[in-house]
There are 2 protein chains.
Amino acid sequence: MAARHDLTRNQTLVLDRLTRADAPVSAYGLLDQLREEGLRAPLQVYRALDKLVELGLAHRLESLNAFVACAHAHEHRADEGHATGTTAFAICETCGRVDEFHDHAVEEGLAAWAGAAGFTPRLTTIELRGRCKECQAKAA
Amino acid sequence: MAARHDLTRNQTLVLDRLTRADAPVSAYGLLDQLREEGLRAPLQVYRALDKLVELGLAHRLESLNAFVACAHAHEHRADEGHATGTTAFAICETCGRVDEFHDHAVEEGLAAWAGAAGFTPRLTTIELRGRCKECQAKAA
DNA sequence: AACGAAATGTTATTTCATTACTCTATCGGA
DNA sequence: TCCGATAGAGTAATGAAATAACATTTCGTT
Ligand SMILES: [Zn+2]
Ligand SMILES: [Zn+2]
Ligand SMILES: [Zn+2]
Ligand SMILES: [Zn+2]
């Protein structure tokens, strides 16, 4: 697997921003933040993001059209990566925080349905939008 | 609940198109198809879609930025609608067909995780993109 | 040096979604 | 009947997300 150290300049810039962010960031948001670093066009960001997602170092949140750094990047193994397991996300709509998790029961359930239906999944999206524990407490 | 018969003209036009379609359609795709019916602006379509989604008669597929008619609309009950249960989608990337399903094990799994994490879901997105049984067979 | 692969850079365009403002119809209570 | 609230509708303009097309650079290998 491509380790952090052999990412290209643009990929590193993007991943750094994502890692520092405490909420998902859109491609254009990243671009804005990286203008001072010399990035000018959306494609520069999108290409870096594509690579990072491919490597499992970042994830795209479909329901937000935004990206987050992988919370478990340190766990990645060269030969497996994130592609294998299904990753789910809990997105707090109040504070923006994203919790990345894997749930065996959920994976099993979907696999069972797919098997029965003859459907072969290539990519699975699971995203919960709601309110996190902390925000729930504050709101009470 | 608003039944089919008290939808407005625009809502009816949009729902009809979605129902006839054999694959998801984007808002602009719907707009193109409905120009001959007098629709001119994106907003007319988006407003109709918002309402249809709210009523559970249509669903938005986040990973495609497109919409489908609800496959189970006839099951809807006035007081509950689709909001309650979690709906999952299997999207064939080859033929475009979408299979809408509910899986209790998956719902339970997510509910269990949410309970443990203290997360309160408002809206859950589950979308599998891959290859359906028929396309799988043809490709073999 | 010559080559090819991967990454980069730039411009323009396409696709998706919303904001702001206006107008009209309808319904219920004062 | 008057009033205000709500909902739906129409139009124009703009913002946000993503890609197409094409030219150039970087770098390791032969
Ligand atoms: Zn991850
Ligand atoms: Zn929160
Ligand atoms: Zn449905
Ligand atoms: Zn298919």
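These values consider heavy atoms only, across backbone and side chains, with no hydrogens, waters or symmetry-generated copies. Just so it is clear: chains get the letters A, B, ... in the order the sequence lines come, proteins before strands, and each one is counted from 1.
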Quiz prompt | Axis bend over the full length of the helix from C:dA1-D:dT30 to C:dA30-D:dT1, computed from five pairs that close each end, to 10 degrees | solution = 20°

Quiz prompt | B:Ile126 side, atom CD1; A:Ile126 side, atom CD1 - distance, nearest 0.5 Å | solution = 5.5 Å

Practice problem: Could you list the residues that satisfy side chain to side chain donor-acceptor pair (under 3.5 Å) with B:Thr94, not counting sequence neighbours? | Solution: B:Arg131

Quiz item: When every nucleotide of nucleotides 16-28 of chain C is labelled 5' to 3' by its protein contacts under 4.0 Å (heavy atoms), B for base, S for sugar-phosphate only, - for none, what sequence of letters results?
Solution: BBBBB--------

Quiz item: In Å, rounded to the nearest 0.5 Å, how long is the span from CG of B:Leu30 to CG of B:Leu13?
Solution: 10.5 Å

Quiz prompt | Length of the CG-P vector between A:Leu13 and C:dA7, whole Å | solution = 15 Å

Quiz item: Counting only side-chain N and O atoms of A:Thr8, is one of them less than 4.0 Å from OP1 or OP2 of C:dA6?
Solution: no

Would you give me the side-chain donor-acceptor pairs under 3.5 Å for residues 132-139 of chain B, sequence neighbours excluded?
| from | atom 1 | to | atom 2 | distance (Å) |
| --- | --- | --- | --- | --- |
| B:Glu134 | OE1 | B:Arg97 | NH1 | 3.3 |
| B:Gln136 | OE1 | A:Thr120 | OG1 | 3.0 |

Self-check item: Contacts of type ring-ring contact (aromatic ring centres under 6.0 Å, His included), residue A:Tyr46, not counting sequence neighbours
Solution: none

Self-check item: A:Arg60: partners by side-chain contact (heavy atoms from CB on, under 4.5 Å), with sequence neighbours left out
Solution: A:Glu62, A:Asn65, A:Phe67

Quiz item: Can you tell which of D:dT11, D:dA9, C:dG9 lies closest to the side chain of B:Arg9?
Solution: D:dA9

Check nucleotides 24-29 of chain D for protein N or O atoms closer than 3.5 Å to its own N or O atoms and list the pairs.
none

Quiz item: With sequence neighbours left out, what residues match B:Ala90 under side-chain contact (heavy atoms from CB on, under 4.5 Å)?
Solution: A:Trp113, A:Phe119, B:Asp99, B:Phe101

Quiz item: Taking atom P of D:dA16 as reference, at what distance in whole Å does atom CG of A:Leu61 sit?
Solution: 19 Å

Self-check item: Value in whole Å for how far the P atom of D:dT19 lies from CD of A:Gln44
Solution: 16 Å

Quiz prompt | Check: A:Thr124/B:Arg129 side-chain N/O donor and acceptor closer than 3.5 Å | solution = no

Self-check item: Integer-rounded Å distance: D:dA17 P and B:Glu62 CD
Solution: 14 Å

Self-check item: B:Glu37: side chain to side chain donor-acceptor pair (under 3.5 Å) partners, not counting sequence neighbours
Solution: none

Quiz prompt | Within residues 30-39 of chain B, residues whose heavy atoms come under 4.0 Å of DNA chain D | solution = none

Quiz item: Are B:Leu61 and B:Leu18 in one and the same hydrophobic cluster, where Ile, Leu, Val, Met, Phe, Trp and Tyr link if side-chain heavy atoms are under 4.5 Å apart?
Solution: no

Practice problem: Take the protein atom NZ of A:Lys51 and the nucleotide atom C1' of C:dT8, then report the distance between them rounded to whole Å. | Solution: 14 Å

Exercise. Identify, with sequence neighbours excluded, every residue that meets side-chain contact (heavy atoms from CB on, under 4.5 Å) alongside B:Arg35.
Key: B:Leu31, B:Asp32

Quiz item: Of all residues at least two apart in sequence or in a different chain, which pass the side-chain contact (heavy atoms from CB on, under 4.5 Å) check with B:Arg40?
Solution: B:Gln44

Quiz item: Whole-Å distance between D:dG8 P and B:Leu7 CG?
Solution: 10 Å

Exercise. State whether A:Arg47 and A:Glu54 are salt-bridged, where the test is any N-O pair (Lys NZ or Arg NE/NH1/NH2 against Asp/Glu carboxylate O) under 4.0 Å.
Key: no

